[in-house]
Amino acid sequence: MTTTDLDRVHLESAAFAVLPSLAETFAGRADGYDRSATFPAEDFTDLFEAGLNAPTAPREYGGLGLGPLHGATHALWSMTKQLAAADLSLARCWEGHTNSQVLIDALGTEAQKARWFAGVVDRGEKWVAWSGEPKAPKPGESQRFGTTVTRKGNGWVVNGSKVFATSATGADWAILLVDPAGPGGARNASSRSSVLMLACELADPSITVDGSWWEPIGMRATVSHLVRFDHTYIPDTQRIGEPGDYLRHEWQTVFIPHYAASFLGAAEAAYGYTLEYVLRQRKGTDPYVQQRVGSMAVAIETGQLWLRHVADLWDSGNRREARIAGSRARHLMEHLALDTVDHCVRACGARSLVKPSPIERIQRDLTFYVRHDNDDHILATIGRAALGEPYDPSFYKP
Ligand SMILES: Cc1cc2nc3c(=O)[nH]c(=O)nc-3n(C[C@H](O)[C@H](O)[C@H](O)COP(=O)(O)OP(=O)(O)OC[C@H]3O[C@@H](n4cnc5c(N)ncnc54)[C@H](O)[C@@H]3O)c2cc1C
């Protein structure tokens, strides 16, 4: 082991030593955040005070230096998994926060890194990244979502709206994925070469949050509201990377397995709950319960092996394989996690779905969270890659 490896092991063990007790506290708060649909602010404060809120910022900027850019991917995803087991909404906000730090680390200038990482490390500032501009209206939906971006002086003017804006009432900064070629964000970009990443300070008075839009079945505490931009000016000094970098370099693929880590966390929480429940009820000798618990145990081990496999691909620099393996893991974990929660409910019974049971919340959260990318399209993309057909590993467009 090199000194760097040893340092990393030390850092990881220090981080992981405190995380289980923090996660227990977060699990205790999850029901309250879910009922009130509020951002898990105290959890982020606790992570900040424990020195854990900058996991993907480089160590020279005061971060933990974890994640795919630092050869320590599994450590990051393990943190996410533990947070997801406590509260899936928290994990989604956390993913947005840590993924943003990865983008700043990879593409930011030295001045940007010094400014923004200091905000995270010293003041506990929270980040997120927003694309969210679905173009096709649903039945009964009168308003259209989307932004226009125009050039003004040495910067850009953003107008319009985004939805699914996670952490809208909690974050201090958002990386706006916007396209001067037209509305659509990165997911529905008009032009792959023009999508910008603009770091936007959310205290700007031109930005308003409309909370009336967000009344979802689950993931309520992500506060993924509708956000409006009224001629919001963002200077060039806050543009991250070059136009088109996000799609050209397939950054989304770095973050796709992060979803799998969260789904796995939900499955592990359901598994732990089941063991405690059926043992308390002395149902461990029931052959059907035994089969369900057996299925859950295998599902979780499978998820853990996949996560380790994809992390190792990133850490060994095998990026081409890592990208599609991340989607394979994301696809598989959706099903393993949903099955695990279903086994839990069938083994435990109806009372497991009565509030404040965590399973009641996990089932709602997971059902909704797995909609974050269409599994049919993910699987077709995996098939296209296997068949040697052209494929889009970021947003799974045909
Ligand atoms: C809990 C949660 C948090 C989120 N947080 C964020 C965030 O922080 N930042 C962010 O940028 N986004 C976020 N998203 C949004 C996400 O990235 C998507 O933009 C959002 O889920 C799209 O909503 P939709 O499924 O209704 O959209 P649609 O775009 O209408 O898609 C509906 C379905 O139709 C399919 N579809 C779309 N167009 C076509 C077509 N032409 N032909 C065939 N099929 C099509 C899609 O694949 C999908 O399955 C979040 C989503 C969730 C659920």
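Sequential numbering from 1 along the given sequence is applied to the chain's residues. Counting convention: from 1, in listed order, for ligands and their atoms alike.
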[X] to ligand 1: N or O pair under 3.5 Å?
X: Asn188; result: no
X: Trp214; result: no
X: Phe368; result: no
X: Thr222; result: no
X: Trp130; result: no
X: Pro134; result: no
X: Arg92; result: yes

For [Y], is there any backbone N or O sitting under 3.5 Å from a side-chain donor or acceptor partner on [X]?
X: Asn99; Y: Glu95; value: yes
X: Lys283; Y: Ala347; value: yes
X: Arg364; Y: Ile217; value: yes
X: Ser131; Y: Leu177; value: no

From Val223, Asp375, Asn374 - option closest to atom 35 (C) of ligand 1 by heavy atom:
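The residue whose heavy atom sits nearest atom 35 (C) of ligand 1 is Asn374.
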Please check if a non-hydrogen protein atom sits closer than 4.0 Å to [atom].
atom: atom 19 (O) of ligand 1; answer: yes
atom: atom 9 (N) of ligand 1; answer: yes
atom: atom 44 (N) of ligand 1; answer: yes
atom: atom 50 (C) of ligand 1; answer: yes
atom: atom 23 (O) of ligand 1; answer: yes
atom: atom 31 (O) of ligand 1; answer: no
atom: atom 15 (C) of ligand 1; answer: yes

So, for Phe39 and Trp214, is the gap between ring centers shorter than 6.0 Å?
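Phe39 vs Trp214: aromatic centres not under 6.0 Å.
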Measure from NZ or CZ of Arg319 to the centre of the six-membered ring of Trp314 and say whether it is under 6.0 Å with the direction within 45° of the ring axis.
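Negative - Arg319 is either too far from the ring of Trp314 or too far off its axis.
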Distance under 4.0 Å to a non-hydrogen atom of Ser131: what atoms of ligand 1 satisfy this?
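Once the distances to Ser131 are compared, the set is 10 (C), 11 (O).
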Distance from Arg220 atom CZ to Leu88 atom CG, nearest 0.5 Å?
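Reported to 0.5 Å precision, the distance equals 14.5 Å.
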Could you check atom 2 (C) of ligand 1 against the protein and tell me its nearest heavy-atom contact, residue, atom and distance included?
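Result: His372 CD2, 4.1 Å.
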Got the closest protein heavy atom to atom 21 (O) of ligand 1, with its distance?
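Heavy-atom neighbour on the protein nearest atom 21 (O) of ligand 1: Phe164 CZ, 4.0 Å.
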Using heavy atoms and a 4.0 Å limit, tell me yes or no: is Gly96 in contact with ligand 1?
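Checking ligand 1 against Gly96, which is what was asked, there is no heavy-atom contact under 4.0 Å.
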Does the side chain of Thr148 pick up a donor-acceptor pair with the side chain of Asn159 at under 3.5 Å?
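No donor-acceptor contact under 3.5 Å links the two side chains.
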Pairing donors with acceptors under 3.5 angstrom, does anything connect the side chains of Ser89 and Thr222?
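Ser89 vs Thr222: no donor-acceptor pair found between side chains.
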